[in-house]
Structure formats: C-alpha cells, structure tokens
Number of protein chains: 2
Amino acid sequence: MTIKEFAKLLNISAATVSKAMNDSHEISAITKKRVLDLAEELNFQPNPNASSLRRNKNKTIAIVIPEIANNFFSKAIDGIEMIAQQKGYHSLIYLTHESSTKELGIIKHLMNGRVDGILASASLETKDFTHYNDLLDKNIPLVLFDRVCEEVQTAKITTDDFHAGYIATKHLIDTGCKKIGFLAFSDVAYACRKRKEGYLEALSEYKIEVDESLIINCSNDMISNFTLINNLLKKRKKVDGLFSSAENLAILSYQICSELAINIPKDLKIVTFSNMPMASYLNPSLSTITQPAFEMGKEAASLLFLAIEKPRNNYKDVFTEMKSNLFIRNSTKRIFK
Amino acid sequence: MTIKEFAKLLNISAATVSKAMNDSHEISAITKKRVLDLAEELNFQPNPNASSLRRNKNKTIAIVIPEIANNFFSKAIDGIEMIAQQKGYHSLIYLTHESSTKELGIIKHLMNGRVDGILASASLETKDFTHYNDLLDKNIPLVLFDRVCEEVQTAKITTDDFHAGYIATKHLIDTGCKKIGFLAFSDVAYACRKRKEGYLEALSEYKIEVDESLIINCSNDMISNFTLINNLLKKRKKVDGLFSSAENLAILSYQICSELAINIPKDLKIVTFSNMPMASYLNPSLSTITQPAFEMGKEAASLLFLAIEKPRNNYKDVFTEMKSNLFIRNSTKRIFK
DNA sequence: ACTAATTTCTTAATCGTTTTCGTAAAAAAT
DNA sequence: ATTTTTTACGAAAACGATTAAGAAATTAGT
C-alpha cells in the first residue's frame, strides 16, 4: 500500500499523511490521530526506499568487524544493536574475516550512501587505512572500536590496553614468574602494541631483562601460531609465565600445554585477554583481562548516533579508553614449592 | 555523484550508463568497458535507494535471532553472512533478546519491504506465530532455522533433535546412569520438544521408568533456572545423569555442582547441546552434542536466496534436518567403583 | 540500390515518498 | 466589519535511479 492509497482511505492528501506521520506542526491533532490510528490498524509504513531517497537518510548503520564467532565482538554487537534499536536505526553487519581486501571492498561499497554511519574494527591484515579516510572525506560518520588505528583521525573507543598489559604482567611477576612470554596477536595493531608496552613497562619496573625470544608475534594463521607457541613452550625451562593478548592464543596455549604435558599453573602460568564466559570452569580456571565488550559497543554506537544526528558536533576528537578488569583464577595461582 | 553527472563525463545518457552497469545486451562492448572502467576509477555506484525504489528489490535480507552472545547463533550468522556476501546481498541484524514483543515489533516492521527476505529463529517467549504467517501472506520469503515452529508453513532448517536427544540419553545410560534428568530450555519450542522425545525414547528402550520430577522446564530467566536446577541437584541421590538441551543450562549446572561439591562425572554425568569451542578444556571436559551451526547458517541463507531469486520455486516445503555430533568427553566418563 | 532487420543509444515516464509553496478557512487584531 | 495573522491542508516538484518505447545508425537481405 502506498501513501496515496492510504491517504484516500481518509480522504486527505498524501502530503498530509506524510506530515502527520512525521509529527509535523502543520497538522492538527485531530488529523494526526486519525492518520496514526489507521496506520497502526493497517500496519501502514511508508516505503523506506522512497523515504530514504527523498530524505537522503536511511536510518541504517553498518558494523564492519573481523569476525563474529568471538566473545568480544558478539557482545559488542549486542551493545551496538541495543542502542540502534532504541534509536530506531537498522544495523547492517559485514565480516572481513581478517582480510584487508574484504575490508577495503566493504568500506568502498559503503561509500554509496547506503548507510548513515559506520562502526568498524580493523582487520589484522590491514596496514593501509586510506579507505577509512576516504569515508571521512565523504562526510560519512565513522567510529572505530577495539581495533583502532592512529592513521585515521576519527572517534575511537578502546580499552586501557597499556594499563591492562602492565597489570597482567605485574600479576604474573607477583605470582613468581621470572621469564614471561608475550603472545602478540599482531605486530601492528594499536591495541596489541599498547598491551605490549604495558608488558614491557612492568618488566622494566621489576628490572626484568627483556628477552626478545619470549615475544611471539602471532598472526591470523592458527597453524603457524601453533608452531610458534609450540616452539616457545617446548624449551620449557625458558618460560614460566605467559601473557596472551588474545583469547584464541590462550586457547591454543592450553591445547599445547595439554599435549606437552605442561602443568598450568605449576610449570607455566597464563593470563589472557578474554571475554569467555566459561573462563571459571576451564581446567585450570583461566585468569583473564576482560574488556567491557557490551559497554564498548553501546558507547561506540551512542557516539556514532551523536555524530549522525548532530553533524556540527566534533565527535572525531573523542578517544575513549574503557576500563578492563583482571580476574585472577587458577591459571596464575602461586605455587609454593 | 549521480548517474546523470557520471554519464555526462562520458558524453552518453544516464540510461546507457544504467544499462551498461547492469550488463544489458543493448549496450555495445566498447561502451560497457568505458562505463565500467570509469566507474571503477571513480568508485561510482548508483544510489541504492533510487535503485531499490525503482526495482522494488533491496538486495538486503534480515536476520532475526534471540541473541548473539551465543556460540550457536554467532556461528550461524557467520555462515549466513558468508553466503549473503557471495550473493552481493546485505544483512540486517535484529536481536529479540528472547522477547516475543520485540520479535513481533521487528517482524511487523519488516513488512514494509525494507528487505527481500528474512531468516528467523523464534524467541523462547513466542507462542503466537501469526506475524510469521503475515509475512508469508505478503509474499516475503521466510526461512526459519533452529528455533522453528510447526505453526508456520515455510522452509525450516533444524538439526536431528530427536535423534540427538536419543543418542545423548543412550550415551548416559551406557555409561551407567540410572536416573537421568532432562533440562528443557523451553516447554514449547519445537527443537526442545524433539530433544525430549529422543530422551524419552531412549529411556523407554532401556525400560527406565520416566520420573517427571527429573524433567526440568527451564525458561529464559537464569535466576529461576538456578533455583530449579539447584533443587534438583540437592537431592543428589535422585539423579546421576543430566541431559541438557542448551549450553547455558549446562554452564549453570557446572556452577551449581561446583557449589554443591558434586563431582562430575563421579556423582553426576552431564551431556549437553553446545557449540562451545572450549568444551575440551573445561574441568572436567564437557561431553556435547554439537550442531553444525555454520553450515546451518549457510544452508538457511542459500535456501532463502533460492526463494528470493526463483519466486516460482516452492521452497516452503523444505524441511532440512542437519546432522549434529556427539563428542564424548570426561563429563560422561564411566567410573568403575 | 533499396528495404528489412538488427544494433545501439536516447527520451521520457515511473517508482513512492518528502517538502516547498500556495491557498483557503479560522482566529486574532484593528 | 475589515484587515492581518495563524492554522491546516493540498498541488506539484523534487530525490536518482530503471525501463519501455522510440529513433538513429548500422548491417543484412533481396
């Protein structure tokens, strides 16, 4: 049903219906009620494409993320979608599967005005960020979250990665670790670099010399990650603590420890960034740095809507570091020998 | 940039550009190449709203699911999005948070033609399914997956819930359980009813009398679920095996066992439906029935696109039961006393 | 060489809204 | 009572693509 047909039912013009549904002051309360009541009754909704075309607004945002089968991102989406639904917006979702080619394709595609704004988390592979800057040149609001990058001058939501890295490493030192390895999920990602800096800061504070062979630069390839971590852990005496910057690397480490019969936490203590709800029930229970994924999603979305609805607002300067939490569990339990 | 402005750059008409970009046979190869090359260079894309309005097609589908911070649904979305991206479609995501009111609102909203088709998984609360039938009346393709319902005559993708329930229960019996409880995540959901029927079938086959007090009808309220399961497990001698129809109920059971100092698997064996990647690393490792979530998503999406692109196809008759797998781990380990 | 058929492009109508502008009617001001 | 202002609505022109129908240019057929 078109707005014209609908209008005919009430013997008024399409213009009046449109204005009534948009709560224009030009329309009397009486007429508004007649329109709204019938619209409710017949579930009449103006064609969104025609509306978007005319208004040049689609009430739609895009969420571009590396992966979804991931406790952090799925919770973040939960937060984003909640705010979007509150605001009456629709959320398109795009997965890059950590491929910069896919990311580039998706972002370039989104320049056609299909969405009013974009929430993105860069893929691991991505080293060139010009596509994000192109978005900004086209005045499409963009908020980066978690996987942010310095090259793009726009709003960013992250966690206190440096501090968390420091705290995690300090915790390992406090439980008696002397040779602490660091598993980097990326050697370029801003968040990972910050986590590493926190790690280095803690080592420095406790006068522990940095051993580069204990710093493992992992990638998106789980096979090669396996090899890397396996090689590290095989020379067991060289490492007694592991700070992992990503959940999946910790899982991999659990697997490798199980295969190599390395006892956690006796032989090796592990603390990791993770949003896993089951961390308490692992064998042994896993000490984690947990990011406020849901809140980050909400925060990022709120900021995006601010940018969309108040174009004068200089949202681009926002840089929010949200607080993550250290949950101490048995994987970093101090063992007195 | 509009198609007119773009056309002017090549000294041809907008119509020609449109046809060239849609690979019409009316346009010469030479012109097509000129158009496509410039479009590539300038990243020109026709306004999607104008296009959708004219064509009455949006190249967009909706995914309506109860929750996303959930291993099954996030993997299913992964599969759906992959197929959608291959087909050049966009995926809108809507979360109902298990609320039938929200579900109803979302589905009613989607009747305005914003999407070409819908993939849905009903919320637990939903008992009235007329909104889905309304969609079908409006000729909007609909594929239900996992949380399907008999009341709606459309395509459905599920798992072999009856068989899986039977196998899981049989496995508990084989490992020595005599008093097996069943944790139902819903008393109405089709999938859960089937799982229960499989459970009952196995009991019957082994001549184990059904004890209704061991069948716990859980809900979406985790607080009351806690009470229900806690009450069941406190009278410990009454139950020595637990078949859980949903992951979160198993997690809750682990928690309760830990609090009540019930040893798994010695005092109680547990097997559950779950897509948790960490099942092997739990304490004890958790025996699971695992659904092919990713493949289910792909299958559901493929079917939806078939319905969208071949309107004559009677996709509505499709009812696919995909095979789930039983992974036997330590939570159901036989203990010889 | 002339007509018919085919190829390739253009013009113009159309999709269903929103919004500007204009105009009655009603209310307020004189 | 007349003018001015305000209120409430309608007519028509956008928005930017697609496509049916028509026209020019080319090729084929006789």
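Reckoned from all heavy atoms, side chains included, excluding hydrogens, waters and symmetry mates. Chain naming here is simple, since letters A, B, ... match the order of the sequence lines and numbering starts at 1 in each.
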message: Testing the basics here: between A:Ala7 and A:Ala14, what is the closest heavy-atom pair and its distance to 0.1 Å?
response: CB-N, 3.7 Å

DNA chain C contacts made by residues 33-48 of chain A, counting heavy atoms under 4.0 Å: A:Pro46, A:Asn47

- prompt: Could A:Glu295 and A:Lys75 be called an ion pair, given the rule that one side-chain N must be under 4.0 Å from one carboxylate O?
  reply: no

Nucleotide nearest A:Arg55 when distance is taken to its side chain, options C:dT19, C:dT10, C:dC15: C:dT19

Length of the NZ-C1' vector between A:Lys59 and C:dT18, whole Å: 15 Å

- prompt: Are any side-chain N or O atoms of B:Ser24 and backbone N or O atoms of B:Glu26, one a donor and one an acceptor, separated by less than 3.5 Å?
  reply: yes

- prompt: How many Å lie between CD on B:Glu26 and P on C:dT7, as a whole number?
  reply: 11 Å

query: Looking for any heavy atom pair under 4.0 Å, which part of the strands does A:Thr31 touch: base, sugar-phosphate only, or nothing?
result: sugar-phosphate

query: Rounded to whole angstroms, how far apart are CG on A:Asn56 and P on C:dT17?
result: 18 Å

query: In whole angstrom, what separates B:Lys32's NZ from C:dT8's P?
result: 9 Å

- request: Mind grabbing the angle between the end helix axes of the helix from C:dA1-D:dT30 to C:dT30-D:dA1? Five pairs an end, 10° rounding.
  value: 40°

message: Please find the pair of heavy atoms, one from B:Ala20 and one from B:Ile27, that lie closest to each other, and give the distance.
response: N-CG1, 3.9 Å

- prompt: Quick one: does B:Lys19 reach the base of C:dT10 with a side-chain donor-acceptor pair under 3.5 Å?
  reply: yes

query: Where do B:His90 and A:His90 land on the ring-ring contact (aromatic ring centres under 6.0 Å, His included) test, with the steps shown first?
result: CA-CA 12 Å; B:His90 303 260; A:His90 303 261; over 10 Å; no

- prompt: For the residue pair B:Met21 and B:Ala39, what are the closest heavy atoms and their distance?
  reply: CE-CB, 3.9 Å

query: Do the non-hydrogen side-chain atoms of A:Asn58 and A:Tyr89 ever get within less than 4.5 Å of each other?
result: no

query: Whole-Å distance between C:dA13 C1' and B:Leu53 CG?
result: 13 Å

message: Please classify the nucleic acid contact of B:Ser28 as base, sugar-phosphate, or nothing, using heavy-atom distances under 4.0 Å.
response: sugar-phosphate

statement: Between B:Met1 and A:Ile27, whichever has its closest DNA chain D nucleotide further toward 5' is A:Ile27

message: Are B:Ile308 and B:Lys57 packed together at the side-chain level, in the sense that at least one heavy-atom pair is separated by less than 4.5 angstrom?
response: yes

task: Just say parallel, tilted or perpendicular for the rings of A:Phe6 and A:Phe44, cut-offs at 30° and 60°.
output: parallel

query: Between atom CG in A:Asp23 and atom C1' in C:dT19, what is the gap in whole Å?
result: 16 Å

- request: Flag the pair A:Ser123 / A:Thr126 as yes when at least one side-chain heavy-atom distance between them is below 4.5 Å, and no otherwise.
  value: yes

message: Without decimals, in angstroms, what is the distance between B:Lys4 NZ and C:dA12 P?
response: 10 Å

From C:dT11, C:dT18, C:dT17, nucleotide with atom closest to A:Asn22 side chain: C:dT18

message: Just so I know, are the side chains of B:Asn43 and B:Gln45 near enough to count as touching, which here means a heavy-atom distance under 4.5 Å?
response: yes

statement: The first and last nucleotides of DNA chain D lying within contact of chain B, meaning any atom under 4.0 Å from one of its heavy atoms, run from D:dG16 to D:dA21

- prompt: When the nearest nucleotide of DNA chain C is assigned to A:Val17 and to B:Ala15 on a heavy-atom basis, which residue is associated with the more 5' position?
  reply: B:Ala15

field: Within-4.5 Å side-chain heavy-atom neighbours: B:Val152 and B:Leu144
entry: yes

